[in-house]
Amino acid sequence: MPNNDAITTLKGVGPEMAKKLETMGLERIEDVLEHVPFRYENYNSGTVTTAVHGDLVKWSGTVQAEALVRYYSKGKNRLQFRLLLEDRYAVQVTMFNRAFYKDKLTVGTTVTVKGKWDMNRMTISATDLEFGEQSNGLQPIYSLRAGLTQKNFSRIVKLAFDQVDAIPERVPEPIRARYRLEDRMSMLRGMHFPDTVATYKQARRSYVYEECLLYQLKLQAFRKMERSGNGRALTLDKERLNDFVRHLSFPLTGAQTRVVREIVSDLEKTERMNRLLQGDVGSGKTVVAAIALYATVMAGYQGALMVPTEILAEQHASSLQELFEPYGVTIALLTSSVKGKARTTLLSAIRSGEVDIIVGTHALIQGPVEFHRLHLAITDEQHRFGVEQRKMLRDKAELADVLYMTATPIPRTLAISAFGEMDVSTIDEMPKGRKPIETYWAKNDQIDRVHAMVDRELSLGRQAYVIAPLIEESDTLEVESATALYELLKERFPAYAVGLMHGKLSSAEKDEVMKSFAENKTQILVSTTVVEVGVNVPNASAIIIHDAERFGLAQLHQLRGRVGRGAHQSYCILVGDPKSDVGKVRLKTMTETNDGFVLAEKDLELRGAGDFFGTAQSGLPSFRVADPVLDLKVMEVARQDAVKLLESETFWEDSIYQTLRTYLKRLDLLVGERLE
Ligand code: ADP
Ligand code: MG
């Protein structure tokens, strides 16, 4: 029987069962075979002589004496019989409420029981009994729904293996031979019913490779398709571009120069650019974006910069405005608070090409924004956007080059899985003259000393951010706590002006608050995390973060990045009494390093790969078995193999690659018969 038949064709699976399986997304026999256990229980606790009191055991033996049943009130009963193990040891088996087994347990019958070993009484308190001898191996545990039991499902998997005669191979034979991987049938058998840990490990190896190879094929095919000849090469006037760079108010760092070159060379190529620019907070990504935008405009096209918050959009728009003023480049700001007539005018100016560069929030991709020769689409703080949103911006410009910027470094271990289809540029150098931010951790009862330090900074003419506790469940509570903090600080610092910023303010109000802080009309800014990303006020030299243990490492690092943006020594004070160990480790790690990459690795270690990106921005595939971090090596190998496969002539012709070609075809990644 072929593997892609409907489940109902299995003898022993009726319509009712099929329905249950369907709710789990299992419709074909193949689906059942691929629904591998998510963990195993190891009953392999040795023999009667080696097992220890309390061990979970799974032993087979023959019934030595007729079973006795004792009935209690309320229909409860206890079954008890003697079992001969290893032809030598007689032990007692007790089971509750299984009186129905009594007649089947005739002397000499072979059974396998699972349960807890009571060494003192030589008794197994069994929870499970099966007839016949079962391998003394790992017990598969499946993730199941619709009231299916482990036993039910195991039975169906067995039926499937009994009745299916062949499963098409996916990983081609030469590769399997090279890495000594199993054929698909043995691999799946080994995943479902491993009799030893070694069997399981060998099956897992094969399974992980297959998952990684399929995933990398998809990524690499996507990468090829993205790039393949459907882009547009810009003609750039290098003289003018160099001139622009020379007239910046500071020289670029070596790292900035390098990434600018990488980006410019992408712009000049026919292939589409699909590049991730990562650089720690404050490493100067904005100016790199500005140079790329300038090059684009100079070549006669539009550029767009999408950012996650209105504050940031406004800040970027005004700093670009200032930068581009002398060059006659026009900038427009598009957010959801541009309404009515102003919006209509703006949209038509964008459509007609009157504006060269459009800076905005999600508003850029929502609704009827039509561009005029949009060529370069940049997303700042890309981790704050979902995969879909990033794609929408790209789709706005048919032949666009896209650049994603992020200050949340992607640990090397994840980059290959999550961003494998992109090119990555890294700014790994801070502008000169920056003093590393000093970070301290203060307990709540040391707040007076913290305030004294703020006082000192203010008296030196600096400014300070004070971040109110994060309250995830309630915006209202968060605003209340920020407001309370604001009142308190107004009293504590009567000589200075205090501002208050939170998500419930209108954008005009936010604008006003931000502006007065930027102009040093307010010296202290109490805020919720709305200032987390991108905000740039170089005169601010201190940031106090209350209940810091509630924030994630990446977020703390982002917040800390609000200071240390100018020439002054800056300070970050984390205030909190964390109760959990993870909280303590986080705060301690913050005091130990300013390096975003180190923090990202630590964050990954503390949170695990699944949580690292959060759900919305994930982009990280969910693997059934492979772990993108633990199986990094396999992923790297699979990536090289995928690249080689796609480049080889035989891949498009040889029948051993047929399943892989079909797989790519199903993903819509093949253009015609093959990828160009
Ligand atoms: P981020 O990478 O976090 O977006 P920004 O682009 O906001 O960082 O830059 C942070 C600050 O550093 C800004 O004030 C910017 O003007 C300044 N800056 C950027 N590049 C340089 C440089 N090469 N030399 C000196 N200052 C720079
Ligand atoms: Mg930035």
Side-chain angles (χ1 to χ4, degrees), residues 242 244-261 263 275-294 305-325 359-361 378-385 403-410 424-437 462-463 465 514 517-520 529-541 543 554-570 572 594-597 599-600:
N242 284 335
F244 178 77
V245 173
R246 258 197 305 278
H247 283 93
L248 292 170
S249 57
F250 43 73
L252 294 183
T253 62
Q256 283 170 323
T257 308
R258 176 168 42 76
V259 303
V260 164
R261 285 214 187 100
I263 293 166
R275 187 173 284 279
L276 178 73
L277 171 59
Q278 53 175 350
D280 212 339
V281 200
S283 62
K285 294 181 292 295
T286 316
V287 68
V288 173
I291 296 168
L293 288 167
Y294 181 70
L305 175 60
M306 182 165 79
V307 302
T309 65
E310 293 207 1
I311 299 179
L312 199 51
E314 281 156 18
Q315 182 187 291
H316 275 332
S318 76
S319 66
L320 290 180
Q321 190 103 50
E322 204 174 303
L323 194 59
F324 286 132
E325 193 93 81
V359 179
T361 53
I378 304 181
T379 309
D380 193 13
E381 309 293 348
Q382 67 84 28
H383 60 284
R384 302 281 298 246
F385 293 98
L403 179 67
Y404 303 100
M405 305 202 293
T406 185
T408 302
I410 319 298
V424 179
S425 291
T426 307
I427 306 186
D428 49 7
E429 180 187 353
M430 284 289 175
K432 284 204 185 53
R434 292 277 172 79
K435 299 192 181 69
I437 302 166
R462 305 284 92 76
Q463 289 163 274
Y465 293 95
M514 211 53 235
F517 190 63
E519 290 170 0
N520 200 358
T529 51
V530 291
V531 297
E532 179 196 345
V533 291
V535 168
N536 188 33
V537 179
N539 190 47
S541 64
I543 183 163
Q555 211 173 6
L556 288 174
H557 186 58
Q558 277 281 351
L559 285 168
R560 175 166 64 183
R562 290 321 101 218
V563 299
R565 303 177 81 84
H568 319 290
Q569 175 61 53
S570 294
C572 169
N594 271 316
D595 185 329
F597 282 87
L599 286 168

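In listed order, ligands and their atoms are each counted from 1. From a predicted model like this one, the values you see are computed outputs, not experimental measurements.
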Counting heavy atoms only, name the option from Thr286, Ile427, Asn536 that's nearest to atom 14 (O) of ligand 1.
Asn536

When you compare ligand 1 with Gly282, is there at least one nitrogen or oxygen pair between them that comes in under 3.5 angstrom?
yes

Side chain to side chain, Ile543 and Ile437, heavy atoms closer than 4.5 Å:
no

For ligand 1, which is the ligand I care about here, please tell me if Pro538 has any N or O atom under 3.5 Å from one of the ligand's N or O atoms.
no

Note, Lys285 side chain near Ile378 side chain (heavy atom, < 4.5 Å)
no

At less than 4.0 angstrom from any non-hydrogen atom of Leu252, what atoms of ligand 1 do you find?
23 (N)

Taking 4.0 Å as the limit for heavy-atom contacts, which would you say applies to Met405 with ligand 1: side chain only, backbone only, both, or neither?
neither

Identify, by atom number and element, the atoms of ligand 1 in contact range of Arg434, meaning under 4.0 Å from any of its heavy atoms.
10 (C), 11 (C), 12 (O), 17 (C), 18 (N)

Of all the heavy-atom pairs spanning Ala540 and Tyr465, show the shortest one and how long it is.
CB-CE1, 3.6 Å

Please round to the nearest 0.5 Å and tell me the distance separating atom CD of Gln278 and atom CE of Met405.
13.0 Å

N/O to N/O below 3.5 Å, does that happen between Lys432 and ligand 1?
no

Could you tell me if any non-hydrogen atom of Gly433 lies under 4.0 Å from any atom of ligand 1?
no

Nearest to atom 8 (O) of ligand 1 by heavy atom, Gly284, Gly254, Gly564, Ala289: which?
Gly284

Met514 vs Val537 side-chain heavy atoms within contact, under 4.5 Å:
yes

Smallest heavy-atom separation, Pro538 atom then Arg565 atom, equals CB-O, 3.8 Å

Does Ser283 come within less than 4.0 angstrom of ligand 1, counting non-hydrogen atoms of the residue?
yes

Once you restrict to heavy atoms under 4.0 Å, what part of Pro251 touches ligand 1? Side chain, backbone, both or neither.
backbone

How close do Ala407 and Gln558 get, counting heavy atoms only, and between which atoms?
CB-NE2, 3.4 Å

Consider ligand 1: state whether an atom of it lies below 4.0 angstrom from any non-hydrogen atom of Met430.
no

Measure from atom 25 (C) of ligand 1 to every heavy atom in Pro431, Gly279, Ala290, Ala255 and give the option owning the shortest one.
Pro431

